[in-house]
*Asks:* 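The following block contains the structure, expressed as structure tokens.
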Amino acid sequence: MATTEHPPSRLRGWMLQGLSDMGKRGGLTGPHAEPEPPHQGQRWWRVMCLTGVDYFSTLGYQPGIAALAAGLLSPLATIVLIVVTLAGALPVYRRVAQESPHGQGSIAMLERLLSFWKGKLFVLTLLGFAATDFLITITLSAADASTHLVENPHLTSTLGGHQMLITLILVALLGAVFLKGFLEAMGVAVALVGIYLALNVVVVITGLWHVLTAEHVVTDWADALTVQHGNVFVMIGVALIVFPKLALGLSGFETGVAVMPHVQGDDGDTEERPAGRIRDTKKLLTTAAVIMSCFLITTSFITTLLIPAAEFKPGGRANGRALAFLAHEYLGNTFGTVYDVSTIAILWFAGASAMAGLLNLMPRYLPRYGMAPHWARAVRPMVIVFILIAFLVTWLFDANVDKQGGAYATGVLVLISSAAIAVTIAARKAGQRGWTIGFGVISAVFLYTTVANVIERPDGVKIGACFIAGIMLVSLLSRLARSFELRVTSVAMDPMAERFVRDMASRKIRFIANEPDNRDRAEYRDKIEQIRTDNDMPEQEDFVFVEVTVGDPSEFETCLTVRGEVLHNRYRVLTVESSSIPNGLAALLLHVRDLTGRTPHIFFEWTEGNPFANFLRFFLFGQGEVAPVTREVLREAEPDRARRPRVHTG
């Protein structure tokens, strides 16, 4: 008797809303509780505002970090950073958008280069650094928002000493927005970016005016540079060495590609050729990079020249809030408070683009690898998981911006370096020699930047390693827990295979599972004799052989194509390719049962060897002790024993 399915509770239904659609081919796995119809989305400049709350919000702390890292050379080091941004990162990610228009990014490009388990482990490693980048974006931005709040002259006495609590509240509020719905986040992002950039224009113009009207400021800076470094060539050399410390200014590109599925594109776009989406995403990336470059150089210049060096250090009034310091200093506390409110809002909401990136990236890989539970395809449970991890990271780093900078930069640089390598390989495969050389040079620059940053701040790699280890462990346990799931998404039979099944449907359906060796007449004759002897069956019984060939055993879900053939003018054979022999056999048996309405039987011989070793062979390579595993897969897929295909072993 079939088991009765109880209707899900309202809470469970709300949490898993959109799950069934996300599991389908072509279904969206990004941050939509209700997936939109294909090619409906937002105008590119609106999506730019979503990624911009991450990218542009770094102005809240980037000038201060640059001043601490490079000192008086901060403007020169920032120029190097801008050159690397416009001549390096921007061309790389424009190519990534072209090669991976569905938001998978460079990780998907590199995944295609490696197969089997080494490809999966490589992707999991990159996902670890992506998680580092996106999650630290959430926690660092919230921590800096709380810094601006606590350091505001009107609130210092009230909120002083409560930065940790404020940061946790901001992270929790961000999670609440995503539990409510993604499109609300898009609308908020547009308003925040517009207001924040407008206020920064006022601060920059005011700062430049004070620099130009106080001539001694520029001469004092130039004299100090000459005293410290001697000549221009030494200054340029030192700027090249220290610019990796400013790598936070490169954030935003990976997020820009991750949220690419939300770009509207053209009416004529298709899933295979979304030309309009690619074109508009390139506009998005270019516009964001140019805007940010203008702000980076101007803010670095005015903060270095107008703020005393001591104020940038921990405990100083400009630490983590250099532009806010100038807003209060030169435009008064009223404007400064308005600027603080805007900065706090965009820094808090910077986590929105990072969250969108996580929700778009993780469900594309882990559930497909069988390395996450089914609910990981749904948005709301993943939001809760990410917010809880963000709470832990905030607590571990004591809600301190400077302590998280190394981890953030490491995550950003590893992803950009992998993207540069991916597009270099793509250009080489396309036979584009000029682009191959150009991207190769860019890859070398980013690899140098990554290594220099790791040597300077090894804590970033340590934190990334923790995320990687966590993802690996959870993925392994999830794969183990789901080992006996029916992992076949569809079964298709060619005309000959369908003919075999129709012919058997008029009598008992009996299959023999055979591991193909020479596939000669003797192999099939001896196999039939063995099965008849082991199961004490008469000679007139009719059989069809089933042979499963293992493709990529690291793949979790697969589609089956069943082909029929007659060998040696006598033996009927169904051939199947699957990532796992037991899953392929179980799926075929259930399909035949549903097609004919009759219960199929399948006959095995016992596999020699240690049961534990055979289970590991099944887990890693899709083979091993086939008979009992096939039976277990069938038991989980069909709880009704009366309808379950029969497994015989002798």
Side-chain angles (χ1 to χ4, degrees), residues 51 53-55 57-58 61-62 65 69 81 84-85 88-89 92-93 96 104-108 110 122-144 171 243-259 347 350-362 365-366 386 389-390 392-394 396-397 400-422 443 446-472:
T51 186
V53 292
D54 171 20
Y55 197 19
S57 69
T58 57
Y61 46 82
Q62 174 72 11
I65 290 176
L81 176 66
V84 172
T85 297
V92 163
Y93 277 94
V96 170
Q104 306 98 315
S106 58
I107 296 178
L110 291 170
F122 180 71
V123 168
L124 291 178
T125 300
L126 289 181
L127 287 176
F129 283 109
T132 304
D133 178 7
F134 291 142
L135 278 166
I136 298 294
T137 297
I138 294 171
T139 59
L140 184 146
S141 299
D144 199 51
V171 171
F243 104 88
K245 298 179 182 179
L246 282 62
L248 292 181
L250 289 165
S251 67
F253 283 102
E254 192 71 28
T255 312
V257 173
V259 299
L347 280 167
S353 66
M355 183 69 78
L358 280 169
L359 294 174
N360 186 63
L361 194 62
M362 294 297 179
Y365 295 98
L366 297 183
F386 293 143
I389 296 173
L392 178 62
V393 171
T394 299
L396 290 175
F397 285 104
N400 185 287
V401 175
D402 295 330
K403 291 180 180 179
Q404 299 179 68
Y408 187 24
T410 299
V412 169
L413 289 171
V414 168
L415 292 179
I416 293 180
S417 298
S418 68
I421 293 170
S443 298
F446 283 123
L447 287 172
Y448 153 73
T449 308
T450 304
V451 171
N453 185 77
V454 168
I455 293 173
E456 178 71 22
R457 294 180 286 186
D459 54 316
V461 170
K462 295 175 183 176
I463 296 162
C466 291
F467 278 110
I468 293 169
I471 288 176
M472 294 280 190

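Each residue takes its place number in the sequence, starting with 1. These figures come from a predicted structure and were not determined experimentally.
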*Asks:* To the closest 0.5 Å, what do you measure between CD1 (Ile389) and OG1 (Thr394)?
*Replies:*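 One gets 11.5 Å once the value is rounded to the nearest 0.5 Å.
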
*Asks:* Go through Leu135 and Val393 one step at a time and tell me if the side-chain contact (heavy atoms from CB on, under 4.5 Å) criterion holds.
*Replies:* CA-CA 8 Å; Leu135 278 166; Val393 171; 5.5 Å; no

*Asks:* For the side-chain contact (heavy atoms from CB on, under 4.5 Å) test, which of Val454, Ile455, Asn453, Thr449 pairs with Val451?
*Replies:*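 Exactly one option meets the side-chain contact (heavy atoms from CB on, under 4.5 Å) with Val451, and it is Ile455.
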
*Asks:* Heavy atoms only: give me the nearest Ala390-Val171 pair and the separation to one decimal.
*Replies:*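 So the two residues come closest at CB-CG1, 3.7 Å.
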
*Asks:* Once you round to the nearest 0.5 Å, how far does CG of Leu124 lie from CZ of Phe129?
*Replies:*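 Nearest 0.5 Å value for the CG-CZ distance: 12.5 Å.
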
*Asks:* My understanding is that only residues two or more places apart in sequence, or in another chain, count here; which of them pass ring-ring contact (aromatic ring centres under 6.0 Å, His included) with Tyr93?
*Replies:*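 For Tyr93, the residues satisfying ring-ring contact (aromatic ring centres under 6.0 Å, His included) (neighbours in sequence not counted) are Phe253.
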
*Asks:* Which pairs would a plain distance check flag for residues 411-421, meaning a side-chain donor or acceptor within less than 3.5 Å of a matching protein atom at least two apart in sequence or in another chain?
*Replies:*
| from | atom 1 | to | atom 2 | distance (Å) |
| --- | --- | --- | --- | --- |
| Ser417 | OG | Leu413 | O | 2.8 |
| Ser417 | OG | Phe446 | O | 3.3 |
| Ser417 | OG | Thr450 | OG1 | 2.9 |
| Ser418 | OG | Val414 | O | 3.4 |
| Ser418 | OG | Leu415 | O | 2.7 |

*Asks:* For the atom pair OG1 (Thr139) and CZ (Phe134), what is the distance rounded to the nearest 0.5 Å?
*Replies:*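 Answer rounded to 0.5 Å: 13.5 Å.
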
*Asks:* Rounded to the nearest 0.5 Å, how far apart are CD1 of Ile138 and CZ of Phe386?
*Replies:*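 The CD1 atom of Ile138 sits 8.0 Å away from the CZ atom of Phe386.
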
